[in-house]
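Sequence lines set the chain letters: A, B, ... in the order given, protein chains first and strands last, and positions in each chain run from 1.
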There are 2 protein chains.
Amino acid sequence: MVTSAKDKSTEEKILAAARRVFVRDGMTGARMQDIADEAGINKALLHYHFRNKKKLFEVVFLEAAGRLFPKINEIFEADLGLFEKIERFCEEYVTLVMENPYLPLFVLNEINRDPHYFLGKVWKGKSTPRPEKLLAQIKAEQAAGRIRSVDPLQLLMHLLSMTIFPFVARPMLRKNLGLDEQTFRVVMEQRKKEIPEFIIHAIRI
Amino acid sequence: MVTSAKDKSTEEKILAAARRVFVRDGMTGARMQDIADEAGINKALLHYHFRNKKKLFEVVFLEAAGRLFPKINEIFEADLGLFEKIERFCEEYVTLVMENPYLPLFVLNEINRDPHYFLGKVWKGKSTPRPEKLLAQIKAEQAAGRIRSVDPLQLLMHLLSMTIFPFVARPMLRKNLGLDEQTFRVVMEQRKKEIPEFIIHAIRI
DNA sequence: GTCTATAATTTGATAGAC
DNA sequence: GTCTATCAAATTATAGAC
């Protein structure tokens, strides 16, 4: 399909609008009218470029998931020492998500809304996290006596939890811990160093 | 308003149905028809007992939030040592949420959907978490030289993250870590002890 | 209190002119 | 490709009989 410069511009405007609205309101809460308004066009044109709501959502969701998941693999399967992986993961993942703070909750929520759809159409040979290498690496470090014996799966869950949860719970944390937007960003910036340090202290011999 | 025995029974059936549907599909995804079906009645009767969708949702949401938040305060403000608090929080909170695994994602998502509504109507003098006492307690332990110096706020975020996140990310973790329902429950059961142990190792001198 | 039937509204989607 | 106008379907909400 040939795509003129103007086409691309409009489709890009639509996608930018759809990202904002879908990520904010979710698949079920989003309205095609809102997306059209946000893009500065009308609904008919939306349906011309993307046949229906489901298809448009799919593009946005796959793109969102594609931003969050590959990075995990990339680091966990890299050729690095365990501590380096932990440090790099926190540093790079917090940086990544800070640019799109609402992405994790959006993705987790949509996965939860329709796990089957998620498993099927979405997860086909894509970069679904493969934690085996990291888990094996943790086991090896323990066998070599370089770190304390902790269930590798539990350690991985600790790492993911501490890194991602604050973004998922952001509105609640901001209210309950009394953090304004600026302070929240500072706290998350500190976590880049704080989390690895915390983990290292926890598993040192 | 006088409420007969039969009234209560029907309202309770409706609420039970509304809990399931709202928690599963969210405010925007839930359909009144589904709730009526689930309750074994028709839509008209739904509107008779709860004027509209918003009102019914509000009851369900407030109840859900009321299950998750008071427990936090109850433990954080108790008259216990720091380690005891951490241990009790993990133990009791995991137990609590295991009975309603979808509650945290539901509540966090709805808070995110409409933070203003959440702050306003919902959070009026309710048991919103008051972390000051716990934060002060952490500071005191550090000043006394009994634990390593870690930003209390960061430590609190570690604790909340490790305890709650696995439930929020459950469908994703189950897929990406290859855990079936039974295994997930076992892993969470282990976390009751694993998380406090991990934290204690991390902040010991 | 509970039902059937229907109104009222919202919203996704299409037809057809330009 | 883009718009206006409109349809069709889904969904919330109400009227009125029992």
Side-chain angles (χ1 to χ4, degrees), chain A residues 1-64 106 109-110 113-114 117 121, chain B residues 1-62 106 109-110 113-114 117 121:
Chain A
M1 185 190 291
V2 182
T3 308
S4 74
K6 203 173 182 186
D7 283 351
K8 212 174 176 186
S9 168
T10 295
E11 289 200 354
E12 195 36 62
K13 275 195 296 185
I14 292 175
L15 278 175
R19 277 181 212 114
R20 284 193 290 275
V21 175
F22 274 129
V23 169
R24 188 189 63 205
D25 300 337
M27 163 63 182
T28 57
R31 298 291 105 117
M32 294 295 266
Q33 185 64 59
D34 294 341
I35 297 175
D37 292 347
E38 189 92 8
I41 59 171
N42 58 34
K43 278 188 295 182
L45 198 51
L46 258 188
H47 285 83
Y48 173 79
H49 285 279
F50 301 86
R51 181 165 303 278
N52 55 41
K53 186 182 179 182
K54 191 176 178 182
K55 284 210 171 44
L56 178 55
F57 171 79
E58 193 166 305
V59 173
V60 171
F61 176 78
L62 286 177
E63 188 192 65
F106 167 67
N109 197 55
E110 296 299 333
R113 191 177 60 81
D114 193 349
Y117 166 77
K121 202 160 190 177
Chain B
M1 185 190 292
V2 182
T3 307
S4 74
K6 202 174 183 185
D7 283 350
K8 212 174 178 186
S9 169
T10 295
E11 290 200 353
E12 195 37 62
K13 275 195 296 184
I14 292 175
L15 278 176
R19 277 180 211 114
R20 285 192 290 275
V21 175
F22 274 129
V23 169
R24 188 188 62 203
D25 300 337
M27 163 64 183
T28 58
R31 299 296 115 149
M32 295 295 266
Q33 183 64 60
D34 294 340
I35 297 175
D37 292 347
E38 188 93 7
I41 59 170
N42 59 33
K43 280 186 294 182
L45 199 51
L46 258 188
H47 285 84
Y48 173 80
H49 286 278
F50 302 86
R51 181 165 302 279
N52 54 40
K53 187 181 177 182
K54 191 176 177 181
K55 285 210 170 46
L56 178 54
F57 172 78
E58 192 165 305
V59 174
V60 171
F61 176 78
L62 286 177
F106 167 68
N109 197 53
E110 297 299 335
R113 192 176 61 81
D114 194 348
Y117 166 77
K121 201 160 190 175

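A cation-pi arrangement is absent between Arg113(A) and Phe61(A) under the rule of less than 6.0 angstrom and at most 45 degrees off the ring axis.
Atom P of nucleotide dT10(C) and atom CE of Met27(B) are separated by 13 Å, given to the nearest angstrom. Rounded to an integer number of Å, the gap from Leu56(A) CG to dA13(C) P is 10 Å. Regarding Glu12(A), its CD atom lies at a distance of 17 Å from the C1' atom of dG1(D), rounded to whole Å. Rounded to whole Å, atom C1' of dT2(D) lies 11 Å from atom CD1 of Ile14(A). Per the geometry, CG belonging to Asn52(A) stands 8 Å off P belonging to dT14(C), to the nearest Å. At whole-Å resolution of the value, CG in Asp34(B) and C1' in dA10(D) are 12 Å apart. Going from atom CD of Gln33(B) over to atom P of dT9(C) covers 20 Å, rounded to whole Å. Distance, Lys13(B) NZ to dT2(C) C1': 11 Å, rounded to whole Å.
Residue Thr10(A) has a polar side-chain atom (N or O) positioned under 4.0 Å from OP1 or OP2 of dT2(D). Listed pair Arg31(A) / dG12(C) meets the phosphate criterion, a side-chain N or O lying under 4.0 Å from OP1 or OP2.
Between atom OH of residue Tyr48(A) and atom OG1 of residue Thr10(A) there is a gap of 10.0 Å, rounded to the nearest 0.5 Å. Expressed to the nearest 0.5 Å, how far CD of Glu110(B) lies from CG of Asn109(A) amounts to 8.0 Å.
The side chain of Met32(A) sits closest to dG12(C) out of dG12(C), dA13(D), dT2(D).
Distance alone, capped at 3.5 Å, places no donor-acceptor pair between the Lys55(B) side chain and the His47(B) backbone. Not a single donor-acceptor pair under 3.5 Å links the side chain of Glu11(A) to the backbone N or O of His49(A). Proximity of a side-chain donor or acceptor of Asp34(B) to a complementary backbone N or O of Asp37(B) within less than 3.5 Å is not detected.
Contact detail for Met27(A) and Lys54(A): the closest heavy-atom pair is CE-CA, 4.4 Å.
DNA chain D lies under 4.0 Å from at least one heavy atom of each of the following residues of residues 39-47 of chain B: Lys43(B), Ala44(B), His47(B).
The residue Ala30(A) sits close only to the backbone: its heavy atoms come under 4.0 Å of sugar-phosphate atoms, none of a base.
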